[in-house]
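As structure tokens, the structure follows; a few thoughts come after it.
Chain letters run A, B, ... following the sequence lines, proteins first and then strands; every chain starts at 1.
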Amino acid sequence: MSWRLQRFPSPKPSVALAVRAVAILLALVVGGLVVAVSGLNPFALGNQVMKSTFGSSFGLEDLGLLATPLILTGLAVMITRRIGLWNIGAEGQFYAGALAAAAIGLFVEGPAWLMLPAMFLAGVAGGMAWITIPTLARAFVGVNELITTLLLNFVATLLVYYFATGPWRDRGAGTLGSTPRIRYEMPELWGMVHWGFAIAVVLTVLAAAVLSFTRWGYEVRISGANPENALYAGIPVRRRIIAVMLLSGAVAGVAGMLEVAGTVHRLQGGISNNFGYLGIIVAVLARTSCLGVFAAAALMAFILNAGIILQTQGLTTSAIVALTGLVLLFTAIGDEFAHYRLVRADRATA
Amino acid sequence: MNFQYSFSRRRFLALSAAASSSLIMPGWVGKAGAAPLAAIKEEDAIIAFGLTGPVSDEGWNTKQNEGAKAIQAAFPKAKTLVVESIPFSADASRTFRQFVQEGAQMVFSTSNYGDFFASVVERSPEVAFLEADGRRVADNLGWYYAAHWHPTYVLGVAAGLLSKSGKLGFIASFPVPMAISSSNAFMMGARSVNPSATLQVISINSWFDPQGANQAASALIDNGCDFLFGVMNEASYLQVAEQRGVRAAMWSSDMRRYGKNAYVSSIIPDWTAFYVDQVRKRLEGTWSGGGQTLLPLGGGIDRDAWGETVPAEVAAKADAVREKIIGGWSPFTGEIKDTTGAVRVKAGETLDEVALYNWDWSVEGVSGLST
């Protein structure tokens with residue numbers, strides 16, 4: 001009696017989920033081992049993290065604040081996955097959205113009920129503008145969007161630095177150049193968590209509904225799964241690519257706008273806090289599920305928040321970066337394993 | 001007059017005699033005014049430190065960490081929390097909030113984290129906060145820094161004497177008052193001995209970016225600069241200067257082992273006495289918010305011992321200027337022009353310490369800082 005591995009084109013959802021759980025658990029165990037080796041007690045630290053995160057409204061508010069941009073950047077990356085593309089540029093679109101929203105907030109005057117939607121639209125436009133070139137290059141010339149979206153991140157980062165430390169600089173502000181405070185602020189929803197959290201949730205649910213229950217969403221999925229078949233079936237694949245990529249940029253731009261109007265209230269370099277890149281991890285963890293984005297963003301928010309708690313206990317920042325990397329690594333390995341099943345050779349061939 | 005912190009008495013007398021509005025003092029530019037926070041037992045005390053970079057940078061953060069260690073040594077039963085590499089982002093708020101959450105009664109922000117810090121200060125009235133390079137005060141918040149422009153002027157004099165090309169280079173982080181006052185003081189020191197000297201500034205958008213500092217240093221040397229200075233937290237541009245055969249002055253610590261031929265001197269802060277004093281007040285129940293402290297030349301900020309390739313006569317000339325400043329003379333006296341040639345400080349007028357602290361325009365001869 002011999003055994004062999006059988007590969008499935010797509011893993012069973014229950015298996016995939018179980019593998020996820022194991023991967024995350026393994027990452028935590030390895031992280032805990034590293035902590036133990038460095039002479040700290042991982043259980044005491046774990047206890048401290050749980051207490052600080054869930055034992056107070058303060059910890060939960062931090063989770064909500066962190067999850068808001070992560071949901072949106074995760075969603076931005078995830079929706080391009082639906083059509084088989086990768087938007088690695090959520091970071092740049094985040095910056096572009098923040099820049100555009102800050103421009104409106106700084107230089108246009110009006111009542112808050114009008115200005116906040118205006119900033120929101122500016123964020124949408126900024127994010128879209130930033131993904132326009134990669135979109136057109138992908139749709140018409142077939143240029144790999146991985147490269148173009150990634151490289152534009154650096155341009156956006158420096159552009160924001162230029163405005164925040166140059167022409168829009170707040171004189172005398174801080175050790176890091178930033179613009180003056182923008183007076184239009186997202187109202188708070190619960191504690192420090194602003195209404196951006198609700199916006200992120202609504203946008204994600206909307207995206208899930210459109211992608212899962214409309215003909216447009218179906219065409220997007222078919223275009224992603226098999227572009228040739230989609231074309232043969234009369235689906236305008238190019239137009240779907242353009243729409244999905246612009247939508248993705250818009251969502252990341254909204255994340256940037258919300259960070260400006262909800263959390264930071266100024267434009268400054270480094271405002272993205274790497275949320276654009278972390279969105280990639282969120283999207284990978286969420287697979288192609290819109291609602292999975294919530295769970296993945298919550299997990300990332302928890303890890304980032306745990307990082308801050310652990311730093312006050314003497315761990316370095318790099319330990320947390322390593323932990324997020326471990327989660328991604330084990331998940332990627334686990335995802336591959338989830339495609340396989342061990343079967344008895346005699347039965348499989350029978 | 002009620003002194004919150006001891007500083008050079010000689011310098012105080014000299015300055016208070018000179019200044020008609022004698023509220024502006026060295027050491028303290030404004031004293032704490034709010035009601036003191038309640039006393040704490042040493043064994044219950046938790047003192048937190050937020051740092052901008054790694055404690056191993058051998059620069060700014062190493063020095064700040066020495067301050068934390070001095071507190072631990074002075075109050076062995078107290079607990080100190082030190083978090084390194086806090087980004088200038090909303091994560092800073094999270095870290096400072098976490099300090100409060102952990103029960104810290106006193107929090108040192110060793111750099112200016114702006115609103116990210118202020119939002120936590122506002123929500124935690126029972127906790128004492130001190131902000132380096134800060135601008136705001138509150139009932140539970142004071143700021144502190146060092147009058148670094150004085151020793152920087154002294155290094156500028158040495159640079160003016162040592163530079164052959166008269167072209168000096170400066171590696172800045174951001175166009176913020178700290179970098180502006182530093183580059184201005186350096187330029188004015190150099191011009192006092194070489195009126196045609198110029199200072200080219202490159203901002204690298206970071207206080208700790210060895211690679212960026214390296215590139216900026218190479219670019220400045222390619223442009224003809226033969227003396228580099230800057231406000232970096234680490235030593236990388238000194239190594240470039242050493243390789244390229246030019247000179248460099250540094251910030252925060254003695255870095256000569258990274259380039260013994262290039263090393264001229266460094267601006268060295270010493271926070272330990274101030275920190276221990278502040279914590280002592282907090283424990284005693286005499287600490288209150290509103291304090292505005294600038295450690296003076298010779299009392300918390302100074303130049304390092306001169307590098308081994310600095311000629312004795314250059315060192316002597318620069319040190320003579322240092323003595324003059326300690327004696328109460330201010331080099332920041334008009335006429336001072338800005339980069340457009342407009343007179344910003346009239347002849348006979350002197351910029352006071354607060355004006356120097358908030359300096360937001362570049363003096364004539366400086367290029368590259370967007371002001």
Can you say whether A:Tyr162 sits under 4.5 Å from chain B via the side chain, the backbone, both, or neither, judging by heavy atoms?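 No part of it gets close to chain B.
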Leading residue by heavy atom contact count with chain A [cutoff under 4.5 Å; candidates B:Thr95, B:Asp115, B:Leu81]: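 The residue among B:Thr95, B:Asp115, B:Leu81 with the greatest pair count is B:Asp115.
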Closest-packed option against chain A by number of heavy-atom pairs under 4.5 Å, given B:Arg123, B:Glu84, B:Gln101: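 Sorted descending by pairs with chain A, the first entry is B:Gln101.
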Against chain A, label B:Phe116 side chain, backbone, both or neither, depending on which of its atoms sit under 4.5 Å from a heavy atom there.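 For B:Phe116, side-chain heavy atoms alone lie under 4.5 Å from chain A.
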Side chain, backbone, both or neither of B:Val100 within contact of chain A (heavy atoms, under 4.5 Å):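 For B:Val100, no heavy atom lies under 4.5 Å from chain A.
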Counting heavy-atom pairs under 4.5 Å to chain B, which of A:Gln48, A:Gln313, A:Met192 comes out on top?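 When all of A:Gln48, A:Gln313, A:Met192 are compared, A:Met192 has the most.
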Taking non-hydrogen atoms and a cut-off under 4.5 angstrom, which of residues 55-72 of chain A neighbour chain B?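 A:Ser56, A:Phe58, A:Asp62, A:Leu65, A:Leu66, listed by number.
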I need the contact set between residues 181-191 of chain A and chain B: heavy-atom distance under 4.5 Å, sorted by residue number.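 Those residues of residues 181-191 of chain A which have a heavy atom under 4.5 Å from chain B are A:Arg181, A:Glu188.
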Hey, is CZ on A:Phe43 packed in by over 12 heavy atoms from elsewhere, all under 6.0 Å?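 Not buried by this count: 12 neighbours or fewer within 6.0 Å.
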Would you say the side chain of B:Gln98 lies within less than 4.5 Å of the side chain of A:Gln311, judging by non-hydrogen atoms?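 In short, these two side chains do not touch, never coming nearer than 4.5 Å.
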Given B:Ser89, which partner from the list A:Asn273, A:Val264, A:Ile271, A:Asn274 fulfils the side-chain contact (heavy atoms from CB on, under 4.5 Å) test?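 Filter result, single survivor: A:Asn273.
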B:Ala90 to A:Glu259 - nearest heavy-atom pair and separation: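 Answer, listing the atom of B:Ala90 first, then A:Glu259: CB-OE2, 4.2 Å.
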Spacing of A:Tyr161 atom OH and B:Ser206 atom OG [to the nearest 0.5 Å]: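 Going from OH on A:Tyr161 over to OG on B:Ser206, the span is 7.0 Å.
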Would the distance check show the side chain of B:Arg94 and the main-chain N or O of A:Ile308 forming a donor-acceptor pair, the cut-off being under 3.5 Å?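 Side chain of B:Arg94 to backbone of A:Ile308, a donor-acceptor pair under 3.5 Å: no, none is there.
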